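Below you'll find the structure, written out as structure tokens, and then a few comments.
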Amino acid sequence: MNEYNPQEIEQKWQQRWQEAKTFTASDDQASKQYILDMFPYPSAAGLHVGHPEGYTATDILSRFRRMNGFNVLHPMGWDAFGLPAENYAIKTGVHPDKSTHDNITNFTRQIQSLGLSYDWGREIDTSSPEYYRWTQWMFLQMYKNGLAERKKAKVNWCNTCQTVLANEQVVDGNCERSKDPVIQKDLEQWFFKTTQYADQLLEDLDTIDWPEPIKLMQRNWIGRQEGIDLSYDIDGSNEKIVAFTKFPETNFGATFIVVAPEHPIVRSITTPEQEAEVLAYVERTAGLTELQRKENREKTGVFTGRYAINTLTGFKMPIWVADFVLANYGTGMVVGVPAHDERDFEFAQKYSLEIIRVMKTTDGDESPVTELSQVDHNGAMMNSDFLNGMDAQSEAKTAMMDYMEKHGLGKRVVFFNLRDWLISRQRYWGAPIPIIYCDEHGEQSVPEDQLPVVLPTDVDFRPTGESPLALSKTFQDVSCPTCGQPARRESDTMDTFVCSSWYYLRFCDPNNEQEFASPDKLKQWLPVDMYVGGAEHAVLHLLYARFFHKALQDFGFIPKEVGREPFAALRNQGMILGEDHQKMSKSVGNVINPDDVVNEYGADTLRLYEMFMGPFEDTKPWSTKSIKGVRRFLDRSWSAMQQPAGIKTTPDLQKTLHKTIKKVTNDIEQFKFNTAISQLMICLNAISANPEFVDEQTQRSFLQLLSPFAPHLAAELAELQGYGQDLFASWPKFDETLTQDDSVQVAVQVSGKVRGTIELSPDADEASARLVAEANENVVKHITGKEIIKVIYVPGRIINLIVKG
RNA sequence: GCCGGAGUGGUGGAAUUGGUAUACACAGGAGACUUAAAAUCUCCCGGUCAUUGACCUCGUGGGUUCGAGUCCCACCUCCGGCACCA
């Protein structure tokens, strides 16, 4: 018998598959499956064990679908632009293009050593001019259609990275990458108007098969809220206060107004007496970072000297400026109802503003509100004229909104949390934004036939806060597309998330030089049927890609037939922790390198182990000991499958085989790889117990079932046994009747407690089941002398005898 | 604070969705083969008490039910997201 030598056979089969182009997708079949991994950023650290988890899952699914007759598109590529390569260049002087491509070479070697069935003919690299040419082209389409816009705005700035960041890239007030505090800067920047798609991005979530928690996170991020913009006259001014609120029903209790310091109205309404104080406050708060604002929870504010009139009550509401009101949320102005809002209460208390209760809260309290714990906005209205007695959150809210709209005092509005996507980056290693500025003609698109705008090489990477491209002579020498006079190029590059927002489209037609992808090819493959990756992309990448898909479809570049969503189904792999149950990290020293595992145990063992560890979506710790058990299973499969096939099988073995076919088939569909593997182990145990009764059919089926998980081993055994590789052109079928047991163990309960088990046919009737149960020796002593008053019988599961006395 | 997810043997985890809790593995114990070890194979393996058996056990405490890991209520712990959001 041959020795199982994984390193040898794995290399051999990988080579054969590559030479035979076994996994090349063809573009002309109807039953398609597009199975996609989130493509990796090729970091210098190489592959970590988290990568193969997702890649193995999609590989199993791809091989399984192919065996079931599907035409599968399963590609791989590189999300190659990004800050780490540039930071590395600053430190070492190695050009990002070089380090990135060295890393890609290493990643390719590592990924290929796992025997994954990618169609390498479709490999893409977002940093190649052939790719980013289309990234730039897409920017121009966004521009042409009014979805890309340059505007001055308060933006997030990271001092360490020396660049602006998107809203989504700010985590707890810190830069997602450097973890350093983000400060606010007023800058002119490029935005994609994601907000124009807020409604659709929200609604279409209902049409896709994604994990509910991920959908919920997107819903919360988009943050749709219904409310009303209330207008108030200002005493002694022609301007108006417009305040957004979700709780207009409390408006009889409104006693003051607060405006964000950044709001332009502050300057125009402040009275001369208050001017100095207000300006000083505005200046002081403007300099604060997000973090400082967050740390300083103590409310501060300054009176503008002006009053707005509460139309309902005639109350003169003082207008204050305070930084707890955010300029970019709602209208940047808030109506203060201190009795029924905690923030308003704190502010009113600090500055001795009037507090009027307008609700008997759910705890029955209707005394004056003097403590924070009394503040609540649920209950029955009081002190509120026509609202009195109504429930605050239902009747009263609607009645008040109706009243306000009818009298021209307010307008119902829908407000979203989502902001436009800031895509400019003052960095080098990204796709240049294809815009030219001319003194005479202003902002100009680079003509499409001049794409790509190639990244120059004569560049100093060191971040100065200005884009490195601005300092390149060769890059800046350009003439205006309209008048031909000297002009200058936009020197910012695009956020790398722009590149990754459309790569799934390029895989459909990766070598097309006329279009980013032809409509026919898009029609052939879209949408992605299964998309797999880490949950860290819950909002960023997945939201942006959805936005791109919708926008490009509306521009007419993606056929309508493929639907409004790019990823029909999504699964997230769980994180793999170190053996110490800690997050893997270099500094802790608990990092497992996939190369080492492949060298020691083989790729099939690594694949099988990562799938066997636990549920796909769960976080789970690595265990070097457990991996040996998986290798043992492959060793035993290796020797069992090399036995000469027996003439006939046993009914028991056949039953186990058919149960296994059924379970493995269903489990793969449901991403329950761990239980699929345990069933394969059960099957092998049965095979090993009856070596002389393992017939050819059993061997063939077992190898077929094993092949998506351990493809090299299965291929080698098929060859050794003379079954040929055609074996893997089909998936075994199970016979439902052969998966049924003839007799089953049924538990006998007496008054709900298990007292014994009996053997019965699964369709035995209650009378005969009861007869056998009552005769069971372990049961008898619990029922003698007692009356059986009720019997509950679940065929094939339990029989429960309820006794009295 | 608000919104999600999770809590099962010494360990990773199973449990046909309300029906015999601990499948499949790992670790551990005993034995076989071996001069020996490794490898391999066979058996045992949640806890307490005990004579054949009984009782307890799925984060904690209640509840619904003939029957609850699974459903309901309250609470505890861990992980993830959001957060002066009007």
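These values consider heavy atoms only, across backbone and side chains, with no hydrogens, waters or symmetry-generated copies. Everything numeric in this text was worked out from a predicted model, so none of it was measured. Sequence lines set the chain letters: A, B, ... in the order given, protein chains first and strands last, and positions in each chain run from 1.
Using a 4.0 Å cut-off, some side-chain N or O of A:Arg755 falls inside it from OP1 or OP2 of B:C55. Contact between the side-chain N/O atoms of A:Arg343 and the OP1/OP2 oxygens of B:C85 is found at a separation under 4.0 Å. Regarding contacts with the backbone of B:G81, every side-chain N or O of A:Arg219 stays at 4.0 angstrom or more from both OP1 and OP2.
The CE-C1' distance, from A:Met317 to B:A86, rounds to 14 Å in whole Å. When the P atom of B:A83 is taken as reference, atom OH of A:Tyr329 falls 11 Å away, rounded to whole Å. Across the protein-nucleic acid pair, A:Asp635 atom CG and B:A39 atom P stand 12 Å apart, rounded to whole Å. Counting to the nearest Å, the C1' atom of B:C82 and the CE atom of A:Met217 are 9 Å from each other. Atoms CZ (A:Phe709) and C1' (B:C24) sit 14 Å apart, rounded to a whole Å. A:Gln745 has its CD atom 15 Å from the P atom of B:A23, to the nearest Å. Spacing between atom CG of A:Asn778 and atom C1' of B:U20 amounts to 13 Å, rounded to whole angstrom units. When the C1' atom of B:C84 is taken as reference, atom CD of A:Glu298 falls 12 Å away, rounded to whole Å.
Side-chain atoms of A:Lys397 and A:Pro248, non-hydrogen and from C-beta on, do get closer than 4.5 Å to each other. A:Val791 is listed as a side-chain neighbour of A:Glu766, based on a closest heavy-atom distance under 4.5 Å. The side-chain heavy atoms of A:Arg636 and A:Asn685, taken from C-beta on, include a pair separated by under 4.5 Å. Residues A:Leu230 and A:Leu409 have side chains not in contact (no heavy-atom distance under 4.5 Å, counting atoms from C-beta outward). Using a 4.5 Å heavy-atom cutoff, the side chains of A:Pro6 and A:Tyr601 are not in contact. Using a 4.5 Å heavy-atom threshold, the side chains of A:Phe415 and A:Phe244 count as touching. Side-chain atoms of A:Val325 and A:Met333, non-hydrogen and from C-beta on, never get closer than 4.5 Å to each other. Taking 4.5 Å as the limit, every side-chain heavy atom of A:Thr255 sits out of range of all side-chain heavy atoms of A:Met317.
When ring centroids are compared, A:Phe633 and A:Trp638 stay outside the 6.0 Å threshold. Aromatic ring centres of A:Phe347 and A:Phe256 lie closer together than 6.0 Å. Aromatic rings of A:His377 and A:Phe247 (six-membered ring for Trp) have centroids within the 6.0 Å cut-off, being under it.
Distance check on atom C1': B:G4 versus B:G29 gives 44 Å, rounded to whole Å. Here the separation of B:C82 from B:U65, taken at their C1' atoms, is 39 Å to the nearest Å. Here, B:U64 and B:A68 have their C1' atoms 10 Å apart, quoted to the whole Å. Rounded to whole Å, the separation between the P atoms of B:C71 and B:G7 comes to 11 Å. For the P atoms, the distance from B:U11 to B:G46 is 13 Å, rounded to whole Å. For the C1' atoms, the distance linking B:C43 with B:G62 amounts to 44 Å, nearest Å. Rounded to a whole angstrom, the distance from the P atom of B:G67 to that of B:G19 is 15 Å. Between the C1' atoms of B:U20 and B:U40, the separation comes to 34 Å (whole Å).
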*When you check every protein heavy atom under 4.0 Å of nucleotides 1-15 of chain B, what one-letter string (B, S, -) results, 5' to 3'?*
--SS-------BSSS
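Judged by atom type and distance alone, A:Lys299 reaches the base of B:C84 through a side-chain donor-acceptor pair under 3.5 Å.
By the 6.0 Å contact criterion, CD on A:Glu692 is enclosed, its count of non-hydrogen atoms from other residues, nucleotides or ligands being greater than 12.
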_If a pair means Watson-Crick or G-U wobble with both distances below 3.5 Å, what does RNA chain B look like in dot-bracket form, with | marking bases paired to a different strand?_
(((((((..(((......[....))).(((((.......))))).((((...))))..(((((..]....))))))))))))....
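Residue contacts for A:His377: at a heavy-atom cut-off of 4.0 Å it reaches no nucleic acid atom on any strand shown. Within the nucleic acid shown, A:Arg631 has no heavy atom closer than 4.0 Å to any nucleic acid atom. Using a 4.0 Å heavy-atom criterion, one finds that A:Asn685 contacts the sugar-phosphate atoms exclusively. At a threshold of 4.0 angstrom between heavy atoms, the contacts of A:Thr245 are confined to the sugar-phosphate backbone, with no base atom among them. Residue contacts shown for A:Glu346 are absent, as no nucleic acid heavy atom lies under 4.0 Å away. At a threshold of 4.0 angstrom between heavy atoms, the contacts of A:Lys753 are confined to the sugar-phosphate backbone, with no base atom among them.
Closest non-hydrogen pair, A:Ser231 versus A:Val242, comes out as OG-CG2, 4.2 Å.
The nearest heavy atom of RNA chain B to A:Ile677 and to A:Ala747 marks one nucleotide each, and the one closer to the 5' end goes with A:Ala747.
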Pairwise N/O distances under 3.5 Å, protein to nucleotides 65-69 of chain B:
unit_1	atom_1	unit_2	atom_2	d
B:C66	O2'	A:Asn800	ND2	3.4
B:C66	O2	A:Asn800	ND2	2.4

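A:Lys215 has a carboxylate O that lies under 4.0 Å from a charged side-chain N of A:Glu212, or vice versa, which qualifies the two as a salt bridge.
Annotated as anti: B:G4, whose O4'-C1'-N torsion sits more than 90° from 0. Glycosidic torsion of B:U8 falls outside 90° of 0, placing the base in anti.
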